[in-house]
Amino acid sequence: MKEEVSVYEDTVVLDAGDGAMYAGSRSENQVYEKHMNLSITKMIGGGDYLTKREIHVVYTREDDNITFTSQVKDLKRRIKVAERADADYFISIHMNSSKYNDGASGFEIYTDNRNKDIAALVKKIESSLTSLNYTKNRGIKNTRESGQLYVIDNNPVPSMLIDAGFISDPNDFTYLNSRKGQKEVSEAIGFGLLQHLEDKNNKS
Ligand SMILES: [Zn+2]
């Protein structure tokens, strides 16, 4: 008989990229990345896929009011949050940016693939974002090859950073700044995470 698995003992840190005076990149019509990051991040944590299961969600920020004196100190603080929570995964949400309307678009996911578990989770999220078909898939980038990302490389918790699309691209921006787009993207990320945890629990 197959046992019903309803309780997970997983803790996920959701990191809304940027914030406060570090606003991140900006759309052509002056929408800051930090607001889009926060909105999507909270939708992931508050979405059905996570709330209906016993997944413990910890945020690194839940609003735009952070006090920190340098960006590196703030990144260190975010990593501390993950460390203190003894989290299983750290998922950071950001937007990419290029010159306005230069044709650059798509989502990409950064990770250091430090173990099979995080690599498998990244793949699940990649495939679920791809199936939304809202933009192109730029692939999974290894931070050891593609340049360093502080919150991944200095994080004791297995981590990834999702650049959900280009804020500088009109199509990516319009979708990712819309309620519908943010809901779909957050659900795709939540779905990928849940699928991965179910696979993991079935194997163990
Ligand atoms: Zn950012």
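All ligand and atom numbering here is 1-based and tracks the order in the structure.
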The Zn ion (ligand 1) contact by D163, N, O or S atom under 2.8 Å: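 Not a single backbone or side-chain N, O or S atom of D163 is under 2.8 Å from the Zn ion (ligand 1).
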
Could you work out, with side-chain contact (heavy atoms from CB on, under 4.5 Å) as the rule, every residue matching K124, not counting sequence neighbours?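 Expected list: Q195, H196, D199.
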
Measure from the Zn ion (ligand 1) to every N/O/S atom of [X] and report the name of the nearest one.
X	result
D18	OD2
H94	ND1
E33	OE2

Taking E187 first and then K183, would you say they form a salt bridge - that is, a charged N and a carboxylate O separated by under 4.0 Å? yes

Answer yes or no: is there an ion pair linking E198 with R53, defined by an N-O contact shorter than 4.0 Å? yes

What is the distance from atom CG of L14 to atom CD of E62, rounded to the nearest 0.5 Å? 10.0 Å

